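This one's a predicted model, so the numbers in the text were calculated from it and none came from an experiment.
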Amino acid sequence: MTYRHAELSSATRAADYPGCMSHAIVIEETGGPEVMQWREVEQPVPGPGELLVETGAAGVNFIDTYLRTGTYRAPLPFTPGKEGAGRVVAVGSDVTEFAPGDRVAWAMGDGGYAEHVVVPVRLAVRVPDGISDEQAAAALLQGMTAHFLAHSIVQLDAGDIVLLHAGAGGVGLLLTQLLTHRGIRVLTTVSTPQKADLSRSAGAEDVIVGYDRFEERVRELTDGQGARVVFDGVGRDTFDRSLDAVRSRGTMVLFGAASGPVPPVDPQTLAAKGSLMLTRPSLNDFIADRAELDYRATDIFTAISSGELDVRIGATYPMPEAARAHGDLEARRTTGKVLLTI
Ligand SMILES: NC(=O)c1ccc[n+]([C@@H]2O[C@H](COP(=O)([O-])OP(=O)(O)OC[C@H]3O[C@@H](n4cnc5c(N)ncnc54)[C@H](OP(=O)(O)O)[C@@H]3O)[C@@H](O)[C@H]2O)c1
């Protein structure tokens, strides 16, 4: 049996091009990493406003695990993968911005764990010469997330102290660099001494190894004040204690749920803990139009090209072994970016 990509628009069914086959990871039912199967599929076809891209590298992101397990819902069957980079091989009838042969990358698309991916033009950015597909696929989603967290949530000034959980993770290493380059002092948490070394090498000033009583340690490191901002992508296991690590009138930024979703919060808690602000931002809202997408992607690619931003690719797996990549990510065995290559 062959499968179509669930996210193709009705105008662009692969059935219009019988006989063109490709390969993709397919999830027929939600569950553990083993539900991801490498299958022969019909090659998708770009419709209006879309590109067909031959994948060079696909990024693995924690959101892919939420969709695979059913924590976030996607229509079944589907191909996971929010991010990738590669070469345009065909364009939809009305597309003028890109042409076959162009190198592009994208984030917050669908169906990225595949040899061929249909990418909406509104999500595609050009990859500059000198940046490989691997670097582009490693940098875009987590890099633009780090970018909006660093620049577009709270006004932060040199000398401000922030706490960032999972400092050796994909977002963690990039966000640490973006903040410390501006003179912001970054405290991080990590689970192992090896991860601590990595976090320090990205610029973290103090690294808390293990999450036990991290909130007390942050108070000690800030003269009892607490952090101006806490960036928490861990979620359920850290959220309550993260609020205790924020200083009075500071900001709690919950941006993910690596340990599981946070239960509902009573707003009175924010008053009791010092008139805190709480936000739960999503990248989609910070690449809302072409100008904002280009601004963030250009900043990230320029920082990579100049050597200011080091994108650490912690592990690369052959795409058919995506299950192994998810298993390692969820078991906290990875650092930096996790990639799939064909
Ligand atoms: N809001 C947005 O738009 C947006 C965009 C991108 C990513 N995110 C979020 O950002 C967070 C980081 O994403 P990422 O892709 O860069 O992942 P990552 O940080 O590379 O991996 C997750 C890390 O979380 C830590 N962690 C703590 N408790 C964990 C648990 N119970 N299970 C698994 N990991 C645990 C681990 O680091 P230690 O071993 O050091 O604890 C692990 O390496 C995720 O929550 C993701 O959903 C949000």
### Message
I'd like to know if the side chain of Gln177 reaches the main chain of Asp310, judged simply by a donor and an acceptor atom lying under 3.5 Å from each other, with no hydrogens or angles considered.
### Response
yes
### Message
Between Glu97 and Arg290 (salt bridge meaning N to carboxylate O under 4.0 Å), is one present in this structure?
### Response
no
### Task
Begin from the C-alpha positions of Arg122 and Glu50 and carry the test salt bridge (charged side-chain N to carboxylate O under 4.0 Å, His left out) through to its verdict.
CA-CA 8 Å; Arg122 68 184 162 76; Glu50 295 176 335; over 6 Å; no
### Message
Using modelled atom types and a 3.5 Å cut-off, is there a donor and acceptor pairing between side-chain atoms of Thr192 and backbone atoms of Lys195?
### Response
yes
### Query
For Thr341 and Ala57, which heavy atoms make the closest approach, and how far apart are they?
CG2-CB, 4.2 Å
### Query
Between Arg68 and Glu34, is the closest basic N to carboxylate O distance under 4.0 Å?
no
### Query
Would the His326 and Tyr113 ring centres measure less than 6.0 Å apart?
yes
### Message
For Glu216, is there an ion pair with Arg219 - N to carboxylate O distance below 4.0 angstrom?
### Response
no
### Query
Does the Thr69 side chain pair with the main chain of Tyr66, one donor and one acceptor, at a distance under 3.5 Å?
yes
### Message
Minimum heavy-atom separation for Val338 and Ala325, please, with both atom names.
### Response
CG1-CB, 4.0 Å
### Task
Can you establish whether the number of heavy atoms outside Asp285 located under 6.0 Å from its atom CG is more than 12?
yes
### Query
Has the side chain of Glu215 got a donor or acceptor atom that lies under 3.5 Å from a matching backbone atom of Arg241?
no
### Message
Tell me whether Ile153 shares a hydrophobic cluster with Leu243, the cluster being built from Ile, Leu, Val, Met, Phe, Trp, Tyr side chains joined at under 4.5 Å.
### Response
no
### Message
Show the nearest heavy-atom pair for residues Leu173 and Ala202, with the distance to one decimal.
### Response
CD2-CB, 3.7 Å
### Query
What do you reckon, is CZ of Arg182 surrounded by more than 12 foreign heavy atoms closer than 6.0 Å?
yes
### Task
Check the pair Thr55 / His116 against side-chain contact (heavy atoms from CB on, under 4.5 Å), numbers first and verdict last.
CA-CA 6 Å; Thr55 302; His116 293 90; over 6 Å; no
### Task
For Arg73 and Leu67, work out which heavy atoms get closest and say how close.
O-CD2, 3.9 Å
### Message
Looking at Arg103 and Asp133, is any side-chain nitrogen of the basic one under 4.0 Å from a carboxylate oxygen of the acidic one?
### Response
yes
### Message
Please determine whether side-chain contact (heavy atoms from CB on, under 4.5 Å) holds for the pair Val60 and Tyr317, giving the CA-CA distance in whole Å, both sets of side-chain angles, and the decisive distance to 0.1 Å.
### Response
CA-CA 10 Å; Val60 176; Tyr317 304 78; over 6 Å; no
### Message
Show the nearest heavy-atom pair for residues Ser242 and His165, with the distance to one decimal.
### Response
OG-NE2, 2.9 Å
### Verdict with reasoning, Leu52 to Gln43, per side-chain contact (heavy atoms from CB on, under 4.5 Å)
CA-CA 9 Å; Leu52 180 66; Gln43 184 173 301; 3.6 Å; yes
### Query
Got a sec: does the CG of Asp197 have more than 12 other heavy atoms crowding it under 6.0 Å?
yes
### Query
How many angstroms lie between atom OG1 of Thr251 and atom CZ of Phe231, to the nearest 0.5 angstrom?
8.5 Å
### Query
For the side chain of Asp232 and the backbone of Val234, is there at least one donor-acceptor N/O pair under 3.5 Å apart?
yes
### Task
Answer yes or no: does atom CD of Glu220 have more than 12 heavy-atom neighbours from other residues, nucleotides or ligands under 6.0 Å?
yes
### Message
Tell me if the centroids of the rings in His147 and Phe286 come within less than 6.0 Å of each other.
### Response
no
### Task
Decide side-chain contact (heavy atoms from CB on, under 4.5 Å) for Thr316 and Lys337; before the verdict, give the C-alpha distance in whole Å, the side-chain angles of both, and the deciding distance to 0.1 Å.
CA-CA 8 Å; Thr316 301; Lys337 185 67 188 181; over 6 Å; no
#### Entry: Ion pair Arg87/Asp102, N-O distance below 4.0 Å
no
### Query
How close do Ala114 and Ala24 get, heavy atom to heavy atom, and via which atoms?
CB-CB, 3.6 Å
### Query
Has the side chain of Ser201 got a donor or acceptor atom that lies under 3.5 Å from a matching backbone atom of Leu198?
yes
### Task
Start with the C-alpha gap between Asp244 and Lys273, add the side-chain angles, then the distance that decides, and say whether salt bridge (charged side-chain N to carboxylate O under 4.0 Å, His left out) holds.
CA-CA 7 Å; Asp244 291 329; Lys273 292 187 186 287; 2.6 Å; yes
